[in-house]
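Sequential numbering from 1 along the given sequence is applied to the chain's residues. In listed order, ligands and their atoms are each counted from 1. Not measured: the values here are computed from a predicted model.
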Amino acid sequence: MKKAITIAGSDSGGGAGIQADLKTFQELEVFGMSALTAVTAQNTLGVQAVYPMTAEAVSKQIQSIGEDMGTDAVKTGMLFNAEIIQAVSEQIVEYNWQNVVVDPVMIAKGGASLLQLEAITSLKKYLLPLAMVITPNIPEAEVLTGISIRTDEDKEEAAKYLYNLGVKHVVIKGGHDEGRDVSVDLLYDGNEFKTFTSKRIPTKNTHGTGCTFSAAVTAELAKGLSVNEAVSKAKHFIQAAIEDQLLIGQGHGPTNHWAYRKRMVAMR
Ligand SMILES: Nc1ncnc2c1ncn2[C@@H]1O[C@H](COP(=O)(O)OP(=O)(O)O)[C@@H](O)[C@H]1O
Ligand SMILES: Cc1ncc(COP(=O)(O)OP(=O)(O)O)c(N)n1
């Protein structure tokens with residue numbers, strides 16, 4: 001049994017955050033563990049409140065896993081502030097965890113801030129050099145690099161910038177590249193670029209797509225796949241999850257975490 005830990009915030013609505021990560025790990029047959037960084041009161045309409053944990057409480061949860069169960073991969077999501085980022089980075093170093101996927105969560109779909117602006121320096125300084133993979137969406141890549149991303153060349157320049165901060169693989173997700181009939185994710189490993197393209201699904205029910213995608217990458221790394229293979233599998237997983245709509249809530253509804261498994265079973 002392979003194991004993965006998500007270090008992220010709770011989404012009471014169940015579509016993003018820790019809940020999306022654990023559902024994804026389970027669907028991909030990886031044992032899911034968690035360290036909670038914050039509790040959000042959240043639904044498909046937006047984030048109503050954020051209650052961060054102390055950095056000490058985050059460290060303690062990670063230590064509980066590190067001292068006993070260990071993990072094959074780590075995902076970080078909403079980290080909220082500089083103290084939590086530093087504590088998480090220290091624990092990753094302490095346990096020498098290698099398969100680290102950083103989803104640099106900053107702003108929720110409704111516009112709520114899930115990372116304090118002054119924490120971005122710490123993210124770049126302490127956590128990114130420990131990352132096997134970083135998975136920013138386009139606005140997050142713009143904030144991290146200062147590059148305005150309008151074209152495919154801009155995406156490549158941003159990916160190179162992030163690689164040079166010490167991240168081993170950069171995936172710039174294309175969900176925000178609206179106006180195209182495809183959604184293109186770009187992977188850079190320091191040598192070459194690879195794109196993962198799928199048909200863009202016209203829907204407002206994309207709450208938690210980023211969390212789900214990066215959790216699927218994490219689960220596949222835990223199982224021993226290469227980054228290239230893990231990203232490819234995650235792209236299929238999220239495409240199925242968006243396509244098989246659940247229609248929950250009045251705003252941006254969640255994706256269907258069991259759609260990929262349903263599809264695999266139907267193909268047998
Ligand atoms: N409408 C869509 N149709 C198909 N794929 C999508 C759509 N929206 C997002 N995706 C995919 O979902 C994943 C998450 O992308 P994105 O929405 O950019 O992240 P985030 O949720 O962090 O903003 C990516 O693999 C992206 O290609
Ligand atoms: C607790 C929590 N963590 C992360 C997010 C952001 O999730 P994401 O997958 O980027 O999806 P959207 O917020 O863009 O729908 C979140 N909302 N809550």
Sub-4.0 Å atoms of ligand 1 with respect to non-hydrogen atoms of Q239: 4 (C), 5 (N)
Partner of F80 under side-chain contact (heavy atoms from CB on, under 4.5 Å), chosen from L114, V50, V105, L115: V50
For A108, atoms of ligand 2 separated by under 4.0 Å from a heavy atom: 13 (O), 17 (N)
Salt bridge R263-E243, side-chain N to carboxylate O under 4.0 Å: yes
Atom indices of ligand 2 within 4.0 angstrom of G9 heavy atoms, with elements: 1 (C)
Pair listing, salt bridge (charged side-chain N to carboxylate O under 4.0 Å, His left out) test, anchored in residues 20-45, at least two apart: D21-K75, E27-R261
Any D185 heavy atom less than 4.0 Å to ligand 1: yes
Sidechain N-carboxylate O distance under 4.0 Å for R180, D152: yes
Option whose closest heavy atom lies nearest to atom 15 (O) of ligand 2, chosen from H207, H252, E140: H207
Option of least heavy-atom distance to atom 12 (O) of ligand 1 (set: V231, V217, I238): I238
Parallel, tilted or perpendicular: rings of Y188 and F193 (30°, 60°): parallel
N-O pairing of D177 and K155 below 4.0 Å: yes
Under-4.0 Å heavy-atom contact with ligand 2, by part of C211 that carries it: both
Pair E220 + K2: basic N to acidic O under 4.0 Å: no
Ligand 2 contacted by G77 (non-hydrogen, < 4.0 Å): no
Shortest heavy-atom approach to atom 9 (C) of ligand 1 - which of P139, G175, G77: G175
Sub-3.5 Å N/O-N/O distance, N137 and ligand 1: yes
Atom 13 (O) of ligand 2: nearest protein contact (heavy atom, Å): K109 N, 3.3 Å
Non-hydrogen atom of Q42 closer than 4.0 Å to ligand 2: yes
Heavy-atom nearest neighbour in the protein, as seen from atom 23 (O) of ligand 1, with distance rounded to 0.1 Å: H176 NE2, 2.6 Å
Salt bridge flag under 4.0 Å for residues K173 and D103: yes
For atom 3 (N) of ligand 1, closest protein heavy-atom neighbour: I201 N, 2.9 Å
Any G208 heavy atom less than 4.0 Å from ligand 2: yes
Check: T197 main-chain N/O paired with T195 side-chain donor or acceptor under 3.5 Å: no
N/O donor-acceptor pair under 3.5 Å between K233 side chain and A216 backbone: no
Ligand 2-proximal atoms of S10, by part, heavy-atom distance under 4.0 Å: backbone
Side-chain donor or acceptor of Q61 paired with backbone N/O of L36 under 3.5 Å: yes
V47 and ligand 2 - part of the residue with a heavy-atom distance under 4.0 Å: neither
Nearest neighbour in protein (non-hydrogen) for atom 15 (O) of ligand 1: K173 CB, 3.7 Å
Ligand 2 N/O within reach of G210 N/O, cut-off under 3.5 Å: yes
Atom 5 (C) of ligand 2 - nearest protein heavy atom and its distance: L114 CD1, 3.5 Å
Audit row: D185, I172, side chain to side chain contact (heavy atoms under 4.5 Å, CB included) steps and yes/no: CA-CA 6 Å; D185 299 344; I172 301 188; over 6 Å; no
Heavy-atom proximity to atom 10 (N) of ligand 1, best of I242, T209, V184: I242
Which of the ligand 1 atoms, numbered from 1, are nearer than 4.0 Å to a heavy atom of S183: 4 (C), 5 (N), 6 (C), 10 (N), 11 (C), 26 (C), 27 (O)
Residue list, salt bridge (charged side-chain N to carboxylate O under 4.0 Å, His left out) with E229, at least two apart or on another chain: none
